[in-house]
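Just so we're clear, the structure is a prediction, and the values are computed from it rather than from any experiment. Reckoned from all heavy atoms, side chains included, excluding hydrogens, waters and symmetry mates. Every chain is numbered from 1 and lettered A, B, ... according to where its sequence line falls, protein lines coming before strand lines.
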Amino acid sequence: MTVRVRIAPSPTGLLHVGNARAALFNWLFARHTGGTFILRIDDTDLARSENEYEEDVLTGLGWLGLDWDEGVGVGGPYGTYRQSDRLDRYAEVAGLLLAAGDAYYCFCTPSELDERRKEAQAQGRPPGYDGRCRLLGDAEAGRRQEQGEAAVIRLAVPRPGVTTFDDIVRDEVRFDHDAIDDFVLVRSDGSPTYHLASTVDDVDYQITHVARGEDLLSSTPKHILITGAMGGSVPTYAHLPLLFGPDGKKLSKRHGDVSLKAYRDGGFLPEAMFNYMCLLGWSYEAETTVFTREQAIERFDLSAVSKNAAIFDPEKLEWMNGVYIRALDPADFIDRAFPLVEDELGRELSGAEREQVVALGPLVQERVKLLTEVPEMMTFLFEGALSYDETSWRKVMETETTPSALDAAIDRLTAVGEWVAADIEAELRAMLDELELNARKGLQPIRVATTGSTVSPPLFETLEVLGREVTLHRLRAARAKL
RNA sequence: GGCCCCGUCGUCCAGCGGCCUAGGACGCCGGCCUUUCAAGCCGGUAACGCGGGUUCGAAUCCCGUCGGGGCUACCA
């Protein structure tokens with residue numbers, strides 16, 4: 001039996017990192033087993049579904065490098081892989097279940113149900129549907145149906161009964177049917193519920209393994225019951241631990257960055273995101289935190305997935321992003337830096353300026369955790385009138401030795417033969433000796449004068465990139481401002 | 001409330017009866033390096049929720065308890 005797995009996001013919002021993680025685990029499982037990874041779009045909720053969100057799903061998966069073998073965008077033997085195109089099929093299955101006596105019409109109105117639910121709760125009884133319409137005869141149900149009375153279709157849950165299944169991550173789980181009410185399969189407007197549509201698709205698409213969030217664990221017996229009534233074969237389930245926010249609460253919009261897009265736009269590398277998400281509920285090996293996607297595929301095992309919910313830790317992700325940025329080929333890093341710097345500047349870089357970025361690139365590369373930090377570390381190069389960081393200025397420029405250090409630096413740098421870091425360093429070190437200043441006192445003023453801040457890439461290289469003219473101009477400007 | 005799931009450092013994971021005086025990673029703290037900031041290196045901090053069993057021996061098995069979470073819709 002060849003493995004067929006799927007992810008089925010609803011395009012009702014930006015792709016959530018929890019869904020992205022589920023996609024990742026399904027993809028890893030498929031790639032590890034040589035199976036088929038399928039992307040289905042669960043857009044039965046037409047009112048809330050938007051094309052923009054479907055595109056976000058495709059873009060997000062593509063960004064992470066999770067390619068799918070069948071489904072939306074790539075096709076396959078089962079149609080469009082979009083639930084909105086299969087409404088007839090869900091109605092057909094509902095009809096079959098009705099005919100077989102596995103489902104029935106229910107004419108209870110929402111307000112009646114609501115009332116009974118409240119009543120039941122007040123009396124301490126289970127709040128689920130009491131099943132009264134199940135007792136209606138076929139004749140009466142048919143008559144009321146034909147008269148146009150609004151009705152939903154419910155599954156006739158076999159009672160007494162028990163549904164048991166072997167979950168790959170949870171082991172054996174059992175549910176007594178007494179705790180499952182006769183849930184709705186088809187709404188009164190004829191649309192299928194999630195339970196029906198999703199299950200029908202899983203059966204029709206020959207899905208062998210369903211790996212999804214633990215929030216669906218208690219819905220699983222419903223899906224198994226529908227599958228059984230359809231005569232389909234029940235897939236193997238694997239319920240993945242949920243993801244939580246830093247406050248230990250469910251990862252929600254309140255935490256800000258719940259969408260994969262936020263990370264895509266936030267300067268994260270897909271490789272880092274991929275690696276980090278692997279760690280949420282799984283581990284490559286006890287002592288190894290950083291690994292390639294090939295290594296992950298090679299070792300991935302659903303049965304080794306943790307049962308514990310995990311907190312998504314942006315700090316660790318950032319650390320890992322830094323690891324991946326430093327590992328980037330310098331040319332690759334610079335290619336990514338150009339657009340960001342130009343964006344910050346609001347204009348295109350000239351050829352000479354691009355060369356400056358190339359020269360400074362490797363020095364910046366080892367200092368950032370996020371790509372978005374690159375512009376702020378580079379744009380000082382291109383500022384006509386340098387703006388100084390206030391704290392930096394106060395900290396080093398108001399020191400009594402600063403004026404003489406700046407004067408000496410101006411003299412010596414004017415005289416440097418070849419404008420290269422090594423010679424610049426030699427001159428400035430000689431200056432430190434002459435004035436009997438330590439590096440901090442003698443060099444920091446130069447840094448602030450030329451970069452505007454006490455924090456910058458290494459000084460001598462920076463001055464080389466800046467050029468003699470700009471360096472001297474900035475030193476004089478700062479000296480004049482003292 | 002009912003049903004279900006989970007419970008190892010602040011966080012993520014390792015551990016699947018003796019290798020555990022509990023290991024790795026992030027974070028945090030200290031040191032080294034050093035012109036700043038990073039990076040790197042070295043060191044440190046910190047956990048088996050609690051109570052009973054079972055066993056020669058338990059983080060590992062069982063029961064209870066407490067705590068957290070999910071579901072309980074004509075949402076998914």
Side-chain angles (χ1 to χ4, degrees), chain A residues 8-10 12 42 44-45 48 106 108-110 113-114 117 120-121 124-129 150-154 167 169-170 173-176 178-181 183-195 197-198 213-222 239 241-242 244 246 248-250 276 278-290 304 306-320 322-323 326 363-369 377 392 395-396 425 428-429 432 438-444 446-448 451 453-460 462:
Chain A
S10 292
T12 54
D42 280 13
T44 47
D45 188 347
R48 287 198 296 149
C106 166
C108 300
T109 66
L113 293 171
D114 205 46
R117 187 163 24 241
Q121 268 169 330
R125 286 184 289 117
Y129 179 62
V152 299
I153 298 173
R154 293 181 181 272
D167 190 284
V169 344
R170 314 268 147 196
V173 185
R174 59 167 41 220
F175 289 88
D176 196 302
D178 286 336
I180 307 168
D181 66 353
F183 58 97
V184 174
L185 298 170
V186 178
R187 301 186 188 96
S188 54
D189 67 359
S191 66
T193 59
Y194 165 78
H195 300 304
S198 177
E214 200 203 328
D215 51 339
L216 288 165
L217 186 63
S218 8
S219 297
T220 303
K222 297 180 179 176
H239 286 91
L242 258 19
F244 292 97
K249 290 275 197 313
K250 191 169 178 177
Y276 178 69
C278 282
L279 261 22
L280 263 20
W282 183 70
S283 68
Y284 174 76
E285 188 267 326
E287 320 271 278
T288 309
T289 316
V290 179
S306 162
K307 302 176 201 289
N308 308 357
I311 290 176
F312 188 91
D313 179 8
E315 286 199 355
K316 188 161 180 176
L317 207 211
E318 279 197 20
W319 162 78
M320 185 165 280
V323 170
R326 273 172 258 128
L363 265 24
V364 171
Q365 182 173 0
E366 51 186 283
R367 286 175 166 71
V368 294
K369 282 186 181 162
M377 297 201 70
S392 296
K395 209 165 130 199
V396 319
E425 174 165 9
L428 292 178
R429 292 228 182 263
L432 294 180
N438 62 24
R440 181 181 296 268
K441 282 209 155 153
L443 264 22
Q444 280 299 78
I446 300 174
R447 185 189 304 281
V448 173
T451 71
S453 165
T454 49
V455 177
S456 84
L459 186 60
F460 311 122
T462 300

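Summarising the geometry, the separation between CE on A:Met377 and P on B:U36 is reported as 14 Å, rounded to the nearest angstrom. Between the OH atom of A:Tyr276 and the P atom of B:G24 there is a distance of 20 Å, rounded to whole Å. Residue A:Leu279 contributes atom CG, which lies 16 Å from atom P of B:U11 at whole-angstrom precision. Remark: P of B:C37 and CZ of A:Arg326 are 16 Å apart, rounded to the nearest angstrom. Remark: C1' of B:A73 and CG of A:Leu113 are 10 Å apart, rounded to the nearest angstrom. A:Arg154 has its CZ atom 13 Å from the C1' atom of B:U72, to the nearest Å. Between A:Ile311 atom CD1 and B:G27 atom C1' the separation is 14 Å, expressed in whole Å. In this structure, the CD1 atom of A:Ile153 is 14 Å from the P atom of B:C74, given to the nearest Å.
Every residue two or more places apart in sequence or in another chain that forms a side chain to side chain contact (heavy atoms under 4.5 Å, CB included) with A:Lys441 is listed here: A:Thr399, A:Thr401, A:Leu437, A:Asn438. For A:Thr454, the side chain to side chain contact (heavy atoms under 4.5 Å, CB included) test picks out A:Ser392, A:Val396, A:Gln444, A:Val448, with sequence neighbours left out.
Judged by distance alone, with hydrogens and angles left aside, A:Ser306 brings no side-chain donor or acceptor close enough to the base of B:C13 to form a pair under 3.5 Å.
Comparing the same atom, P, in B:G15 and in B:A73 gives a spacing of 38 Å after rounding to whole Å. When the P atom is compared between B:G18 and B:A25, the two are found 24 Å apart, to the nearest whole Å. For B:G7 and B:G44, the C1' atoms lie 28 Å apart once the distance is rounded to whole Å. Nucleotides B:A22 and B:C37 place their C1' atoms 37 Å apart, quoted to the nearest Å. Atom C1' of B:C12 sits at a distance of 31 Å from the matching atom of B:U72, rounded to the whole Å. Across the C1' atoms, B:U54 and B:C5 are found 26 Å apart, a figure rounded to whole Å. Separating the C1' atom of B:G23 from that of B:G40 is a span of 23 Å, rounded to the nearest Å. Between B:C28 and B:U11, the two P atoms lie 16 Å apart (nearest whole Å).
When every heavy atom of A:Gly442 is checked against every heavy atom of A:Leu432, the shortest pair comes out as CA-CD2, 3.6 Å. Residues A:Arg429 and A:Phe460 approach most closely at NH2-CE1, 3.9 Å, considering heavy atoms.
No donor-acceptor pair closer than 3.5 Å links the side chain of A:Arg447 to the backbone N or O of A:Pro458. Under the 3.5 Å distance criterion, the side-chain polar atoms of A:Arg367 are left unmatched by any main-chain donor or acceptor of A:Pro457. When atom types are taken as modelled, the side chain of A:Thr193 and the backbone of A:Val184 share a donor-acceptor pair closer than 3.5 angstrom. Judged by distance alone, the side chain of A:Ser188 and the main-chain N or O of A:Val152 form no donor-acceptor pair under 3.5 Å. A donor-acceptor pair under 3.5 Å is absent between the side-chain atoms of A:Tyr276 and the main chain of A:Phe312, judged by distance alone.
Backbone-only contact: A:Ser10 has heavy atoms under 4.0 Å from sugar-phosphate atoms and none from a base. As judged by a 4.0 angstrom heavy-atom cut-off over every strand, A:His195 is placed among the base-contacting residues. If you check every strand for non-hydrogen atoms under 4.0 Å, A:Cys108 touches a base. Counting non-hydrogen atoms under 4.0 angstrom, A:Glu366 reaches a base of the nucleic acid. Here A:Pro458 lies in heavy-atom contact (under 4.0 Å) with a base. A:Leu459 comes within 4.0 angstrom of a base, heavy atoms only. Contact annotation for A:Val184: backbone-only contact, meaning every heavy-atom pair under 4.0 Å involves sugar-phosphate atoms and none involves a base. Note on A:Phe460: a base of the nucleic acid sits closer than 4.0 angstrom, heavy atoms only. Here A:Gly281 lies in heavy-atom contact (under 4.0 Å) with sugar-phosphate atoms only. Residue contacts for A:Ser219: at a heavy-atom cut-off of 4.0 Å it reaches a base atom on one of the strands shown. Here A:Leu428 lies out of heavy-atom contact (under 4.0 Å) with every strand.
Considering only the side chain of A:Thr44, B:A76 comes nearest among B:G24, B:C74, B:A76. Considering only the side chain of A:Ala310, B:C13 comes nearest among B:A76, B:C13, B:A25. For A:Val455, the listed nucleotide lying nearest its side chain is B:C37; candidates were B:C12, B:C37, B:A76. Picking from B:C74, B:G69, B:A14 the nucleotide with the shortest atom distance to the side chain of A:Val152 gives B:C74.
Where A:Thr289 and A:Leu443 each meet RNA chain B at their nearest nucleotide, the meeting point lying more 5' is that of A:Thr289. If you find the closest nucleotide of RNA chain B to A:Glu315 and to A:Ser191, the one lying nearer the 5' end belongs to A:Glu315.
In this structure, A:Arg48 does not reach the B:A76 phosphate: none of its side-chain N or O atoms is under 4.0 Å from OP1 or OP2.
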Identify the pairs formed between an N or O of the protein and an N or O of nucleotides 4-10 of chain B at a distance under 3.5 Å, and give each distance.
residue : atom : partner  : partner atom : Å
B:C5    : O2'  : A:Arg170 : NH1          : 2.7
B:C5    : O2'  : A:Glu214 : OE2          : 3.0
B:C6    : O3'  : A:Asn308 : OD1          : 3.0
B:C6    : O2'  : A:Asn308 : OD1          : 3.4
B:G7    : OP1  : A:Asn308 : OD1          : 3.3
B:U8    : OP2  : A:Asn308 : ND2          : 3.2

